[in-house]
There are 2 protein chains.
Amino acid sequence: MKKKVTLKQMARELDVSISTVSKALRNSKEISEDTRDKVQAFAKLYNYRPNNIALSLKNRKTKTIGIIIPEIVHHFFSKVIRGIELVANKRGYNVIVGLSNESFDKEVINMEMLANGSIDGFILSISKETLQQQDYHHFNETISQGMPIVMFDRVVNEINCDKVIVDDILGSKKAVNKLIETGCKNIAIITTKDYVSVGRLRTQGYLEALEEHKRIPESRLILKVDDKLVSEDHLEVLETEIELLFEQNKDLDGIFAVNELYAIIAMKVARKHNKRIPEDIQVIGFTDGVLSKHATPSLTTVSQHGQKIGEKTAVLLIDKLENEDEEERYQTVIIETELIERESTK
Amino acid sequence: MKKKVTLKQMARELDVSISTVSKALRNSKEISEDTRDKVQAFAKLYNYRPNNIALSLKNRKTKTIGIIIPEIVHHFFSKVIRGIELVANKRGYNVIVGLSNESFDKEVINMEMLANGSIDGFILSISKETLQQQDYHHFNETISQGMPIVMFDRVVNEINCDKVIVDDILGSKKAVNKLIETGCKNIAIITTKDYVSVGRLRTQGYLEALEEHKRIPESRLILKVDDKLVSEDHLEVLETEIELLFEQNKDLDGIFAVNELYAIIAMKVARKHNKRIPEDIQVIGFTDGVLSKHATPSLTTVSQHGQKIGEKTAVLLIDKLENEDEEERYQTVIIETELIERESTK
């Protein structure tokens with residue numbers, strides 16, 4: 001018997017992208033007729049079963065929620081999953097987790113796989129590559145076939161679904177305000193490139209806080225790290241860039257980092273430069289993970305309440321699953337952030 | 001149409017445990033005939049589809065590996081998953097992750113769900129509750145129905161399958177030898193209760209290292225923490241117990257902790273007691289996670305090479321899946337640990 005062919009194998013055989021195969025199978029007009037015919041013929045030949053969500057939805061309830069997250073080595077995502085599980089278990093649902101590893105292709109593959117009868121709905125956070133490519137067809141197709149999606153943290157306006165986000169702008173403003181109020185004159189931000197939506201919003205919060213205090217933002221104090229060059233095992237690039245920030249700004253007395261790891265490395269560099277924390281320089285991070293809590297000095301940080309986010313996404317999804325007749329209305333829930341003050345600030 | 005009933009719902013309705021339902025459905029002689037009849041009748045009435053692994057195996061290859069881990073907020077497990085993914089992706093497989101949350105029931109439920117046609121085989125690490133209850137029927141049934149399992153880290157002899165483990169005993173000996181060789185006279189171990197197999201083995205390594213150096217182990221220096229009382233958000237119990245260890249042993253000059261968190265908290269307590277690290281007291285942990293790397297001082301630790309473990313489990317599982325005719329032979333692969341020396345030791 002022929003083995004079942006996967007999206008990935010079809011893409012390789014036909015020398016096109018996974019996105020193209022996925023779109024062609026759905027007869028999307030974005031793909032040339034020629035390519036569509038080719039892909040569809042190939043799929044038929046190899047007995048590829050496309051994603052019959054609508055069919056499977058009618059036939060059974062799996063009582064299972066599919067979660068797709070970009071990264072597993074990430075305290076925030078773990079907390080969100082814990083929150084989802086808490087609500088899911090209470091209401092009789094199970095969860096399974098797929099990982100996109102920040103890759104567009106893996107996100108598409110995982111959704112195809114899970115949507116094929118294993119789950120009732122998705123809770124997900126978009127991969128960085130998908131955000132960069134701005135190709136959201138797999139989300140829209142899934143929703144239009146009747147399978148609900150709830151997105152959290154990394155979301156985009158273009159997709160009609162329930163969303164749970166943190167007030168990234170307000171959270172950043174809380175952090176920068178704290179630095180200003182405790183006397184910092186030259187506050188740097190260590191952030192990501194702008195295509196990462198949460199990085200962009202946190203940068204915006206930093207700029208707004210400065211402006212509200214009649215301070216002029218200076219480009220020398222804004223470090224945008226290319227997150228693709230930074231992994232937990234390769235922190236040298238990050239450290240070198242932060243070194244440079246310190247060397248070029250001898251007057252630096254405050255740092256706001258848009259995540260925990262950036263903040264921890266910034267504290268390390270500060271120590272190397274013999275700057276005392278918080279006396280000479282204050283540091284605030286974003287995301288309240290184990291590193292913030294156990295660092296020396298412990299890190300003041302903006303907590304996103306990951307567990308609360310997870311709980312809310314699960315409530316939204318399960319409500320939607322259990323009230324199928326309701327008209328389509330989507331909401332965006334904002335979970336408030338909180339500044340947790342520890343030893344790295346005055 | 002009737003909704004599909006779950007194992008959990010059946011257990012609740014019939015007021016028996018999930019394990020009983022699961023065994024009764026398989027007609028296990030461990031369960032009384034009366035209960036078996038009741039469960040089977042209920043399952044039939046509510047259209048419960050038991051786990052037709054053998055059937056689904058014949059019909060299709062999902063090219064998907066199911067991973068079941070006890071905890072997601074755990075750097076070691078994240079590393080293992082990364083290793084599994086690396087090999088799986090190279091060989092054309094996808095992975096999905098289920099979480100047991102250290103619960104026996106959730107482990108059984110997750111395996112039932114995934115084995116129902118979603119995956120080709122399992123890679124898993126046993127939950128603490130399962131180890132404590134010593135009820136392994138769900139593993140044995142799955143294997144006997146023809147679905148391969150590879151276990152890692154937390155394994156038991158009673159189950160016939162491929163296993164990947166670390167040399168916990170040898171790893172601990174490396175740590176304790178280092179402490180002895182650098183002059184420690186009174187070395188404490190902070191470990192778990194014995195039912196957690198890795199904790200038990202690491203304690204054994206500690207005892208053996210002492211004996212090989214003609215030292216007599218002293219119970220006052222052995223702290224066995226009840227891991228069920230310790231969670232990342234409730235570290236007070238752990239801290240109090242370690243405080244007590246310090247107060248009752250003023251001569252303490254070396255600590256070997258069987259995981260990273262215990263070691264980090266021990267360093268915190270040492271600081272409170274004005275003991276300098278490593279001058280007055282040396283500390284070594286087990287598991288090389290982010291906390292060890294970024295702690296101040298950074299932590300000397302026994303690295304388990306989680307990624308390597310993951311890679312090996314994936315190789316074993318995929319080899320088994322792709323060579324079905326081979327006779328049943330199981331192997332246990334031991335991945336060597338390594339002592340990573342940092343600032344917390346001399």
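This is a predicted model, so every value here is computed, not measured. Note on naming: letters A, B, ... go to the chains in the order of the sequence lines (proteins, then strands), and numbering restarts at 1 for each one.
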Look at A:Leu114, A:Ile264, A:Asn101 and state which one has the largest set of heavy-atom pairs under 4.5 Å with chain B. A:Asn101

Which residues pass the ring-ring contact (aromatic ring centres under 6.0 Å, His included) test with B:Phe77, not counting sequence neighbours? B:His74

Would you say B:Lys275 has more than 12 foreign heavy atoms packed within less than 6.0 Å of its NZ? yes

Which one wins on heavy-atom pair count under 4.5 Å against chain A: B:Ile265, B:Asn110, B:Val95, B:Ile81? B:Asn110

Quick one: are B:Asn89 and A:Lys106 in side-chain contact, heavy atoms under 4.5 Å? yes

To the nearest 0.5 Å, what is the distance between OG (B:Ser298) and NZ (A:Lys268)? 8.5 Å

Enter the distance from B:Leu99:CG to A:Asn94:CG here, rounded to the nearest 0.5 Å. 9.0 Å

A:Arg271 versus chain B, heavy atoms under 4.5 Å apart: side chain, backbone, both or neither? side chain

Can you say whether A:Ile96 sits under 4.5 Å from chain B via the side chain, the backbone, both, or neither, judging by heavy atoms? both

Check step by step if side-chain contact (heavy atoms from CB on, under 4.5 Å) holds for B:Met113 and A:Lys63. CA-CA 10 Å; B:Met113 173 183 67; A:Lys63 286 272 187 182; over 6 Å; no

Step-by-step side-chain contact (heavy atoms from CB on, under 4.5 Å) determination, B:His294 to A:Leu235: CA-CA 11 Å; B:His294 298 298; A:Leu235 296 173; 3.5 Å; yes

